[in-house]
Every structure is written in C-alpha cells, then in structure tokens.
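Numbers restart at 1 for each chain; the letters A, B, ... are given by sequence-line order, proteins then strands.
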Amino acid sequence: MASTQGTTATAGSVLPAEPGSPVGGGVDREFGVEARSQRQQILRRFLHNKVGMTGLVIFVLMCLFGFVGPLLYGAEYATQNRNAQSVGPGEQGYPFGSDEIGRDLLAGLMQGVQRSLFIVLLFVVIALPIGLLVGALAGYFGKWIDSLLMRFVDLVLTVPLLVVLIVVASNFPNSRTPLGVGIILGLFGWLDLARIVRSQFLSLREKEYVEAAHAMGASNSRIIFKHLIPNALGSLIVWTTLAAATAIILEASLTYLGFGVNGANQTSLGRLVSDGVQAAATRPWLFYFPGITLLVIVLSINLIGDGIRDAFDPSGRRVRA
Amino acid sequence: MFFFVVRRLIASVLVLLASSLLVFALCAASFDPLAQFRQRQPPPTQAYLDNVAEGLGLNDPFFVRYWRWLSGILTGDFGNTINGTPVADQLVGRIAVTGRMIVLAMVLAIVLAIVVGVIGAVRQYRASDYAFTFLAYLLIALPTFWFAALLKEFVAGGINDLVGDQVLYTIGEQTPGIELYASGSEIWSDRLGHLVLPTVSLALLSFAAWSRFQRSAMLDVLGSDYMRLARAKGLTYRRTVVKHGLRNALIPLTTVVALGIGTLFGGAVITEQVFVWNGMGRYLLESGIRDNDINVVLGWLLISAFFVVLFNLIADVLYAVLDPRIRLS
C-alpha cells in the first residue's frame, strides 16, 4: 500500500484517512452523499420545478407591484385629474389611462393588488383553521363524529357557494369592505378543505407511527398536532394556493354582482375588473388592464400550487394533471 | 340494480329534507322581512310593525315557521312575493330559461372535457397536450363575468361581421315579442342565437377544470395492468383506450361533474347578469336579494339544492352502470 501513497489512487486502492476521521474515511469523502431532510428534498424539488418557479417569480413580481410599486410611483388612486375625466393609456402622464372620474388606473391596480392579497390572507387565516379542525376531528375520531361533521359539510355543499355568499353578504354589516369580504369568504370557504383533511387523516391514523405514539401514551391532541398535521402539510399547502386563487375570483364575482368591495375610494382587483366590464365597449383599457392583472395573479398562484403538489409527491414521478 | 337505485333515492330525499332545513335557517338568520316596512317615509309605528310581524308569522317558533313553509312546498306552494304574486308561477318559467343554458353548457363541457382529456393523456407531453394544459390554466384563472363580457363585447361583433348577419345576440334569452310574428322554427333559431354566448362562457369555464380531471384519470388508467393485458391479448390501441380505458376513466369525472352542478348554478347567476337573461339568476338578485324577499330566495335555494341532489343521484346510478362492483357492494 505504501507505494500508492502520494500518487493517484488506483481502482483497487484506498485513499489515506484524514486525521481524526475513521479508517476508510477517504471512501466516505469520495462517494458519500450528504443526507437531506424531507423539507430540504421538497424545497429542492420545488426549486427545480419550472412550472412552480415560473408561478412564484410572477407572484413575487405582482406582490412587488402591489406593495413596493406605490412607493416608487407616487400617485394616489384617490386623486382625480383636473377635469375629472377619463383619458386613454399614455395620455396626460397616465401609463394605463384613467377611469371614468379621472383616477389613475395604474395606482388603482397597485392598490387593488394590495387589497385583494389582504382579502386572500384573511380568507386563509379564517378558513384554514376551521377546515383543519373539522377535517381532523372527522378523520381522526371517525364514527358518529365523522358522520355528523361530514353530513353537515355535504349539506352545505348542496347549495351553490356563490349564492350562499350573496345571501350572507347582502345582510352582513360592513360586508362592502375588503375586511368584510375576507371574513365572509373565510367563514364559508373551508368545506372542501375539511373533506381533504378528513381523507388524509383516515389513512394516516392507520400508520404504524400513530400506533406507536398511542402505545407510548401520547394524547389525541399531541398525535393530531405532532404526527398527523405535519404529514398532511402537503395537502394543506396545495389547498391554500388553489383556494387563494378561487378566493380572488369569488371576490371579483361578488363585487360584480354588487355584494363585494364597494366604498368611496375602496378598491380591489375585483372592483376594478367589475367596473371595467361596464366600460368594455367605450373605454377598453379599463376592461383589459384589471382583467389581465387578475388573470396573471390567479394563474401564478395556480402554477405555484401545481409546483408544490409535484414537490410534495414523494415518488417524484407524479404525472401532472 | 333496482334496490341500489331505491336505496339511493331514499337517501336523496332525506338529504333534500335536511337541505331545506339548512336553507330555511340560513335565510331566517340573514333576512329581515320587516326591513322594507321600516324604510318607509314617514316611518311606521312600532304597533304597526308588530302587527305585520304577527301577520307574517315571525313571532312563531323557528320550527313552526319551517314546517309551515315546508308543508306549503310539498303542495307546490312556494309562498308569495312581497308584491303578493305567487313565487311558484315565476320560478316555473324561469327554470326553463336557466335550465336550457345549464343543461346545454353541461353537455358541451362534458363532451369537450372527455375529448380534450383523452387526447391530452394519450399524447402526453406533446405539443397538443401542452396547448390544452395552457388553455385550461388560462380558463380556470378567468372570472366568469370577465370572460362572458369578453365574448359579448369582442367576439360576438367579430363573428356577426364575418357572417354579414346577426347570428349571435348579446342581450336577452330571445328577441322580445318574437312569438307575435315568427314561426316556430324562427323562434327556435332566435333562441339558439341568444343561447350560444352564455352557454359557451358557462361551458368553457367548467370544461377547463373537468378536462384536467379527465386527463389525470385517463393517465392512471393507461398505466394500469388490465390495459397492458388488453394490448397483450391483441386488441388495437384505439379499442383498448375507448372500450377499456375510457369507461373506467369516466368514473372520477362523473363525481366531479355531479359536484360541479352547484358551481354551474352560481355561474348561471353571473352569466344571466352579463347577458341580461330573465332566468332564475336575475330573479334571485332582483326580486329576492335586492327586494329582501325571503320567499323568492328560499324557493331559488331549494330548487338549486334539488338539482344538485338530483345530479348526485344520477351520478350514483352512473357509477353503478360504469362499474358493476359498486352496485354489488
């Protein structure tokens, strides 16, 4: 072996061990693979997913447009032009034109993106815990609790969600603000999440590690929060992205029908889009710019959801549906 | 099969009963039938309001009011509007208007979803698959009313100019007063011209999601053992896909379509608003919500719930037809 010292290692030889390393440590250094945690693997898969990353880049750009844009652009949406009249894109210093009472559409879009993302955040903050709780209780405990909760969910789903939202919003105090719309969407938007969580928990509760936790005397709440929810995280994140996209469209639909954001200088993407529909024939820029902005945000969120779903697939071979 | 259908029918009736209770509770909690009286000028006295509340039965316990309403429904009486006209009379005519749009949109969406889903699965990762995937993503991201307005304002005019005649109409479900001077075939062609755009706008948005499900289900089926066995037995690829693959791939789509009926009803409310159709959607918004008329809203919600339950029942029967194991279990 001495003859090989200081020379290039041949196929059959072993590299000398480094000081402090176990014998044969050289082989480890040569061929060893650094272990990655599940979280790192998921993140790596997502970062290598073209669809998901495209969505993420677009979404980040839209967030910058909504939150950093107003600081750079400087114009206020509430400020009307001198004659309070609508001008086309590029005229009188309005890059995207102005609306029917002379407000800057670009500033409106920035504010609209902000408010719509606030509505989405509020929706998720309310709907996620409710759906998670109902689904977890139904899936983990099963039997009559499952029957009771899921029959209730099935019943509510017999009535079109949009119409339920209209009925509630029409008689709900402060429902014409982003806050009100977000709350209403959150209170009724958890039904499909409850079903997803339930189906996940029904399969997860049969796993060996849950039995082991039971045997070690872990409480039900500990098993749910420490063992089951972390393993259902993939479904929760995917639901969050897809539901967020749906919430933006629902808010726009509610506003179009007259039950969404509707106050003086209160705006959201939905409000701008629905106002634009009324002006489609006469002032098409009010129709196209808000519509395309909303389309891009929803599309980017859906692409992120698709990327996350691929990343969470442990086999890494999920066929994209 | 007969007993399977009977069991499902009984379950559906029970679901509908429970749904009627839920609908009534939602409306009772949301609506104030006295609001229209309170807004009058000069304001009415409290004694008058108490008298009206007594007359409307608002002082009765919840379940007494529910039973009174339900027993009326069972005899075909949906109550009266605040103007005193029977709700049932209005609903019957409007169901026909909305029904033809929803049914046609559903058929169109299902056919397109199956065709596009199967092509996407069979030609996975080819140019056509990517094109359909992109189209589906685009349509899923569009609000119904924006897409409908796009068709109304920019597509209809273009097609009419191309043909050199008005073939697509953008307002109403038919030309007003056409029954007075037109023949039966002219009335039908007029209705068809009014029907195209709302139906297409409603169908394409449902088709987008359904085609993704169909593609996914078809991919699962194409990778299964029995498909390989069918090919090994010497069946042609086309016959294998259509005869063995499609039948099994339709089961998930059946579920999705049945669950999507509620969404179609919601979409119809918006589409009717864009195209100014005097169907159930406009009736709900203008006579129900805006006038704070609880009987109109209750009638609308119950009918939509009935159709959701009905389509779920049809889906259950279709499962049994598509998969014999279900009806035997």
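- Of the two parts of B:Val297, only the side chain, counted from C-beta on, holds a non-hydrogen atom closer than 4.5 Å to a non-hydrogen atom of chain A.
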Determine all donor-acceptor pairs shorter than 3.5 Å in which one atom belongs to a side chain in residues 155-165 of chain A; sequence neighbours excluded.
residue  : atom : partner  : partner atom : Å
A:Thr158 : OG1  : A:Leu155 : O            : 2.5
A:Thr158 : OG1  : B:Ser19  : OG           : 2.9

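- Only the side chain of B:Val23 comes within contact range of chain A, judged by heavy atoms closer than 4.5 Å.
- Of the two parts of A:Ala245, neither the backbone nor the side chain holds a non-hydrogen atom closer than 4.5 Å to a non-hydrogen atom of chain B.
- With a 4.5 Å cut-off on non-hydrogen atoms, A:Ser274 touches chain B through its backbone and its side chain both.
- A ring-centre distance under 6.0 Å is not found for A:Trp285 and A:Phe96.
- In this structure, the portions of B:Ser304 lying under 4.5 Å from any heavy atom of chain A include both its backbone and its side chain.
- Taking both residues in full, the closest heavy atoms of A:Gly139 and A:Leu202 are given as O-CD2, 3.6 Å, listed atom of the first, atom of the second, then distance.
- Within a 6.0 Å sphere centred on OH of B:Tyr66, heavy atoms belonging to other residues, nucleotides or ligands number more than 12.
- Heavy atoms of B:Leu150 lying under 4.5 Å from chain A belong to its backbone as well as its side chain.
- Contacts between B:Leu301 and chain A at a heavy-atom distance below 4.5 Å involve the side chain alone, from C-beta outward.
- Proximity to chain A is absent for every atom of B:Leu264, based on heavy atoms less than 4.5 angstrom apart.
- Between A:Phe123 and A:Trp239, the ring planes are tilted. Angles from 30° to 60° get that label.
- Proximity to chain B (any heavy atom under 4.5 Å) is shown, for A:Phe287, by both the backbone and the side chain.
- B:Asp293 has its side chain out of reach of B:Ser287: every pair of non-hydrogen atoms, C-beta onward, lies at least 4.5 Å apart.
- Of the two parts of B:Leu138, the backbone and the side chain both hold a non-hydrogen atom closer than 4.5 Å to a non-hydrogen atom of chain A.
- Note on residues 129-144 of chain B: pairs passing salt bridge (Lys or Arg N to Asp or Glu O under 4.0 Å), not counting sequence neighbours, are B:Asp129-B:Arg215.
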